[in-house]
Protein chains: 2
Amino acid sequence: MAKRVTTKEKILNAAEALFAEHGFEQTSLRQITADADVNLASVNYHFGSKKALIQAVMARYLEVLMPALEQELVALQARNKISTRDVFDCFRKPLAQLREVRKHGPTLFLSLLGFAYAEIQGHLRRYTMDHFGHVIEHLLAALHQANPQLSPVDMFWRLHFVLGATVFAQVSGPALREIAAADFGETIAADQMIDRLIPFLAGGVDASAA
Amino acid sequence: MAKRVTTKEKILNAAEALFAEHGFEQTSLRQITADADVNLASVNYHFGSKKALIQAVMARYLEVLMPALEQELVALQARNKISTRDVFDCFRKPLAQLREVRKHGPTLFLSLLGFAYAEIQGHLRRYTMDHFGHVIEHLLAALHQANPQLSPVDMFWRLHFVLGATVFAQVSGPALREIAAADFGETIAADQMIDRLIPFLAGGVDASAA
DNA sequence: AGCCATTTTAAACATGCGTTTCAATTTAAT
DNA sequence: ATTAAATTGAAACGCATGTTTAAAATGGCT
């Protein structure tokens, strides 16, 4: 017997797909409820507001990703010698694990993350920092361990450059893959992009300071 | 005698400041015309539509930047041996030159570029490619010259990672500088960020492929 | 000065948005 | 079966948006 899909779940699923494709602000509750085949008012009934819905969509992924990432980072930091590449490789398994919460979880989540940052929505940043700030601490510590020659402020900036390249690549991913396919005849799956990305990021972080 | 500032210029100036701070979609014509101290309808009178205004704002910078960048790249390509760092350094002078069109031109332009990409607006991408596509060709050629070991498709992706890190860093620049100042007590001017960025980008592009 | 094209103004228009309301319906417990 | 609570439904509210309209004002030219 198939488990009945609740209205709340139908809303979350439709919302995340639309958010990942068009961004948060540019997706209306009417689009979401039409796709989910539920009543418009049910969003406010079940979530209270659009802002709360956005948070709920993100939370579904963050609550899976962050503990897994923390575990990887703690294990890595126990080792003696670690490289930048090691640190970024810590993201692979937790990201892949998002496939369990949703079929295209990794891709969806990174797109959502991209839009969350592009539209600077304070409530999302605050939510992330309040709930998972300690994971970011671990990440910074691991990166410092891998690159003790870099000052904390240097590392701070490079980490955000990393984030920028990642989320941007993800958000414009569909368009870019289309162009790449047209220009190079090479079709690149969304999952393969991270294989191209990680060497780039590690090379950037490892570069000697100016 | 001071030259009179036309309505058209007042609109462009107010629009670019608001666009650079809040993005295109999130800036209303009413905000723009209020800041510019002109009538609401004058935007549609002088530019025809909001889309056309956005293009006009970007064009003011692109028409200065692109020819200068092309010149730098052509000069660089004439040399025998060039590095990735050389290629990115080609952006320094043309970007700095934007200070002549407007006081904080370089910062403003990069913010605008960031929002233009974040909000995937086809009409801007098409405009850029139609008018300045040959400059992009030069950039790709110079990067290939500096990194002949990288395949074209590898270079394609890395160049977009570069773009992603740049525009993202610029868009979230104000917020990030604020955090950096609070956490490290170090105030970083917008212009200094590019000095932190370029080594990162060159390191990423130069990294050996996976 | 008088005229005509250009520009500015105030108001309204049409549309889409998030949210709220309240009655109808379904669900679950007694 | 009855009752109370939870959920769904259709409609409206209030507001903000880009755009259009048509009258008023302005500026240059003969």
Side-chain angles (χ1 to χ4, degrees), chain A residues 1-59 112 115-116 118-124 127, chain B residues 1-59 112 115-116 118-124 127:
Chain A
M1 59 167 248
K3 202 185 69 183
R4 158 168 151 63
V5 182
T6 67
T7 299
K8 209 167 173 175
E9 285 169 334
K10 286 202 282 185
I11 292 172
L12 282 172
N13 294 341
E16 81 168 3
L18 288 166
F19 285 158
E21 192 171 359
H22 304 113
F24 299 105
E25 306 257 1
Q26 316 224 29
T27 300
S28 72
L29 294 184
R30 282 169 175 83
Q31 289 176 259
I32 293 170
T33 52
D35 274 30
D37 200 33
V38 300
N39 189 271
L40 168 63
S42 56
V43 170
N44 287 72
Y45 176 77
H46 285 287
F47 297 95
S49 68
K50 185 181 179 182
K51 267 172 114 170
L53 172 62
I54 293 172
Q55 269 189 216
V57 166
M58 295 302 289
L112 292 171
F115 281 115
E119 312 169 9
I120 316 250
Q121 282 178 298
H123 71 283
L124 248 183
Y127 170 87
Chain B
M1 62 170 251
K3 202 184 71 181
R4 158 168 153 64
V5 182
T6 66
T7 298
K8 208 166 173 177
E9 285 168 335
K10 286 202 282 185
I11 293 172
L12 282 172
N13 294 343
E16 80 168 3
L18 288 166
F19 285 157
E21 192 171 359
H22 304 112
F24 299 105
E25 306 258 1
Q26 316 223 27
T27 301
S28 70
L29 293 184
R30 282 170 175 81
Q31 289 176 259
I32 293 170
T33 51
D35 275 30
D37 200 34
V38 301
N39 188 272
L40 168 62
S42 56
V43 169
N44 284 296
Y45 176 77
H46 285 287
F47 297 94
S49 70
K50 186 181 179 181
K51 267 172 113 173
L53 172 62
I54 292 173
Q55 271 189 218
V57 166
M58 295 302 290
L112 293 171
F115 281 115
E119 312 168 8
I120 316 248
Q121 282 177 297
H123 71 285
L124 248 182
Y127 171 86

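Proteins come first, then strands; the chains are lettered A, B, ... in the order of their sequence lines, and each starts at number 1.
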ask   = If you round to the nearest 0.5 Å, how far is CG of B/Leu18 from CD1 of B/Ile32?
value = 6.0 Å

inquiry  = Distance check needed: C/dT15 C1' versus B/Arg30 CZ, whole Å only.
reply    = 12 Å

inquiry  = Mind checking if A/Thr27 touches a base, just sugar-phosphate, or nothing, with heavy atoms under 4.0 Å?
reply    = sugar-phosphate

query = Crowded around B/Glu21 CD? As in, over 12 foreign heavy atoms under 6.0 Å?
reply = no

request  = Take B/Thr6 and A/Gln31, find for each the nucleotide of DNA chain C with the closest heavy atom, and name the residue whose nucleotide sits nearer the 5' end.
outcome  = B/Thr6

key: Side chain to side chain, A/Leu29 and A/Leu53, heavy atoms closer than 4.5 Å   = yes

inquiry  = Is the shortest side-chain heavy-atom distance between A/Thr33 and A/Asn39 below 4.5 Å?
reply    = no

For chain A, the stretch of DNA chain D it reaches, first to last nucleotide, under 4.0 Å of its heavy atoms = D/dA6 to D/dA12

ask   = Should A/Glu25 and B/Gln26 count as side-chain neighbours, where that means a heavy-atom distance under 4.5 Å?
value = yes

message = At a heavy-atom distance below 4.0 Å, what parts of residues 37-50 of chain A sit against DNA chain D?
response = A/Asn39, A/Ala41, A/Tyr45, A/His46

Nearest-angstrom distance from the residue atom CG of B/Leu29 to P of C/dA12 = 20 Å

task = Measure up the B/Phe115 and B/Phe24 rings against each other and bin them: parallel (under 30°), tilted (30 to 60°), perpendicular (over 60°).
result = perpendicular

ask   = Quick one: CD on B/Gln55 to NZ on B/Lys50, what's the gap to the nearest 0.5 Å?
value = 14.0 Å

inquiry  = I'd like to know if the side chain of B/Ser42 reaches the main chain of B/Tyr45, judged simply by a donor and an acceptor atom lying under 3.5 Å from each other, with no hydrogens or angles considered.
reply    = no

